[in-house]
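Step one of this worksheet: look at the structure below.
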Amino acid sequence: MLKVIDISNHQQGINLSTLECDAFIFKLTEGTSFEDKAAKEFIRQARELKKPFGVYHFLNGESISEQASFFLSHSKNYIGEAVLILDYEMYGRVGAKKAKKFLDIVTKETKVKPLIYMNESDANSDDWSEVIKADYGLWIAKYSSSLPRLTQWPHYAMWQYTSTPLDTSHFYGDRHAWQKYALPIGVSAKNYHTTGKRFKVLKNLVIKADETFKKDTGMLFCKSTIFDIETICHTQTTTHALLNYNHREVFVTLHKDYVEVVE
């Protein structure tokens, strides 16, 4: 089980190294125009601490498709790394059908199935059967020492049990289970590095110029080359690193047979 703390711009400036937890969740967007300006710095710190993280969209009453597009435009650099989450509460309680529409759009575009966050009352009051049938995970909120009591959902992935001094949850799984929620459907992290900033090449690698790995650049990383990366990317079939090389954005596989982590 992981202890998870979620924060937003309301905690801007906080040093994540001072928080005793195993993982973080950060607010990323809301509606069709609000970007949480604290998120990038929080994500930078989480990566430095080598702790897993998630990002969420706070739903409101605006167009669902436009909100999904807005969230996708800001989360694209974290796909395969962060758990994606829809925050369903307050003025964003627009009904299970609209919530599912948001979840479906994100899943279609990223192949990652988001979690949905809501309180115990909302989880029991609407008809969530189609969301449950589609196998979207639940992050339930109930500030109590007693477990949530649900009438529709067979289980939940995470329980937010307190807001004091910060919103804190239990995630019912280890880091590997967390990573499964972050990865696109069908992608296994078993054979690939999923964290790291610097890597050493174990055998000669031809560099690819596009994320689908179809176009060679003609450049070569020789055995024992050490390189720094910008970010880790995932597709349905592979995991790779984005880096700038010779003034170009290129991609290098992170398969454990080809590279090892230096830092």
Side-chain angles (χ1 to χ4, degrees), residues 4-14 16 19 21 23-47 52-110 112-123 125-126 128 131 134 136-143 156-160 162-169 171 181-182 231:
V4 183
I5 289 178
D6 63 281
I7 55 178
S8 68
N9 57 88
H10 296 294
Q11 291 80 36
Q12 188 164 6
I14 195 169
L16 298 192
L19 304 181
C21 64
F24 301 101
I25 293 174
F26 311 123
K27 182 175 183 178
L28 190 62
T29 53
E30 178 178 335
T32 61
S33 59
F34 179 81
E35 176 188 0
D36 195 306
K37 299 299 184 183
K40 287 184 179 179
E41 171 59 19
F42 286 152
I43 290 169
R44 184 195 66 77
Q45 290 187 49
R47 285 170 167 169
F53 65 92
V55 293
Y56 71 85
H57 176 83
F58 195 106
L59 199 67
N60 68 14
E62 296 177 273
S63 162
I64 296 299
S65 58
E66 290 180 15
Q67 289 190 70
S69 295
F70 185 64
F71 176 62
L72 288 166
S73 69
H74 287 81
S75 61
K76 61 184 179 181
N77 291 331
Y78 315 123
I79 302 303
E81 179 183 13
V83 174
L84 307 181
I85 302 160
L86 174 61
D87 189 341
Y88 181 90
E89 61 177 308
M90 298 172 63
Y91 44 81
R93 295 157 62 244
V94 294
K97 289 184 178 180
K98 289 186 176 181
K100 183 176 183 296
K101 180 178 179 180
F102 181 98
L103 297 168
D104 287 346
I105 293 171
V106 172
T107 302
K108 180 180 179 182
E109 293 299 318
T110 66
V112 177
K113 295 184 78 72
L115 294 176
I116 183 168
Y117 167 92
M118 68 184 78
N119 64 37
E120 182 186 58
S121 176
D122 289 334
S125 60
D126 205 341
W128 294 99
V131 175
Y136 289 112
L138 175 63
W139 175 17
I140 192 72
K142 180 184 182 181
Y143 301 152
Y156 44 90
M158 192 156 42
W159 169 31
Q160 187 183 81
T162 186
S163 61
T164 306
L166 295 170
D167 289 347
T168 309
S169 302
F171 173 76
Y181 279 104
T231 188

Listed partners of Thr162 passing side-chain hydrogen bond (donor to acceptor under 3.5 Å, both in side chains), at least two apart: none
side-chain hydrogen bond (donor to acceptor under 3.5 Å, both in side chains) assessment of Asn60 paired with Glu30: CA-CA 7 Å; Asn60 68 14; Glu30 178 178 335; 4.9 Å; no
Within a radius of less than 6.0 Å around CZ of Arg47, do more than 12 heavy atoms belonging to other residues, nucleotides or ligands occur? yes
Can you sort out the partners of Tyr88 under ring-ring contact (aromatic ring centres under 6.0 Å, His included), two or more places apart, ordered by chain and number? Trp128
Heavy atoms only: give me the nearest Ala68-Ile105 pair and the separation to one decimal. CB-CG2, 3.6 Å
Val4/Asp6 under side chain to side chain contact (heavy atoms under 4.5 Å, CB included): CA gap, chis, key distance, verdict: CA-CA 7 Å; Val4 183; Asp6 63 281; 5.6 Å; no
Would you say that Phe26 contacts Ser8 through its side chain, given a criterion of any heavy-atom pair below 4.5 Å between the two side chains? no
Heavy atoms, side chains only, cut-off 4.5 Å: are Asn9 and Phe34 in contact? yes
Taking all heavy atoms of Gly31 and all of Phe70, pick out the closest pair and write down the distance. O-CD2, 3.5 Å
Within 45° cone of Tyr56 ring axis and under 6.0 Å: Lys27 NZ or CZ: no
What closest approach, in Å, do Ala39 and Leu28 show between heavy atoms, and which atom pair accounts for it? CB-CD1, 3.9 Å
Please report whether the ring centroid of Tyr156 lies less than 6.0 Å from that of Phe171. no
Hey, what do you get for OG (Ser169) to CD1 (Ile140), rounding to the nearest 0.5 Å? 10.5 Å
Between Asn119 (side chain only) and Asp122 (backbone N and O only), is there a donor and an acceptor less than 3.5 Å apart? yes
Could you give me the CA-CA distance, side-chain angles and deciding distance for Leu86 and Leu59, then say whether side chain to side chain contact (heavy atoms under 4.5 Å, CB included) is met? CA-CA 7 Å; Leu86 174 61; Leu59 199 67; 3.9 Å; yes
Salt bridge (Lys or Arg N to Asp or Glu O under 4.0 Å) pairs, two or more places apart, involving residues 60-78: none
Applying side chain to side chain contact (heavy atoms under 4.5 Å, CB included) to Val83 and Val112, what does each step give before you reach the verdict? CA-CA 8 Å; Val83 174; Val112 177; over 6 Å; no
Pairwise side-chain contact, Trp139 with Ile116, heavy-atom cut-off 4.5 Å (strictly under): no
Give, for atom CG of Leu115 and atom NZ of Lys113, the distance between the pair rounded to the nearest 0.5 Å. 11.0 Å
Pro114, Ser75, Ser69 screened by side chain to side chain contact (heavy atoms under 4.5 Å, CB included) with Val106, the one that passes: Pro114
Would you give the length of the straight line joining atom CD of Glu35 to atom NZ of Lys40, rounded to the nearest 0.5 angstrom? 5.5 Å
Nearest 0.5 Å, what's the NZ-CD1 distance between Lys98 and Ile64? 6.0 Å
Tell me the closest heavy-atom pair linking Lys100 and Ala134, and the distance in Å. CE-CB, 4.0 Å
Could you tell me if the side chain of Leu166 sits less than 4.5 Å from the side chain of Ile14, heavy atoms only? yes
For Gly95 against Asp126, the heavy-atom pair lying closest together: CA-OD2, 3.5 Å
Taking all non-hydrogen atoms of both residues, which atom of Thr32 and which atom of Ser63 are closest, and how far apart? CG2-O, 4.4 Å
Taking the six-membered ring for Trp, are Phe102 and His57 ring centroids under 6.0 Å apart? yes
Kindly indicate whether the side chain of Tyr117, heavy atoms from C-beta on, has any atom under 4.5 Å from the side chain of Gln160. yes
Should Asp36 and Phe58 count as side-chain neighbours, where that means a heavy-atom distance under 4.5 Å? no
Heavy atoms, side chains only, cut-off 4.5 Å: are Ile85 and Tyr181 in contact? no
Run Val131 and Leu103 through side chain to side chain contact (heavy atoms under 4.5 Å, CB included) and show every step you take. CA-CA 9 Å; Val131 175; Leu103 297 168; 4.1 Å; yes
Answer whether the closest heavy-atom distance between the side chains of Tyr136 and Asp104 falls below 4.5 Å. yes
Rounding to 0.5 Å, atoms CG (Leu16) and CZ (Phe24) come to a distance of 4.5 Å
Taking atom OG1 of Thr231 and atom CG of Asn77, what is their separation to the nearest 0.5 Å? 6.0 Å
If we ignore hydrogens and angles and just use 3.5 Å, is the side chain of Trp159 paired with the main-chain N or O of Lys142 as donor and acceptor? yes
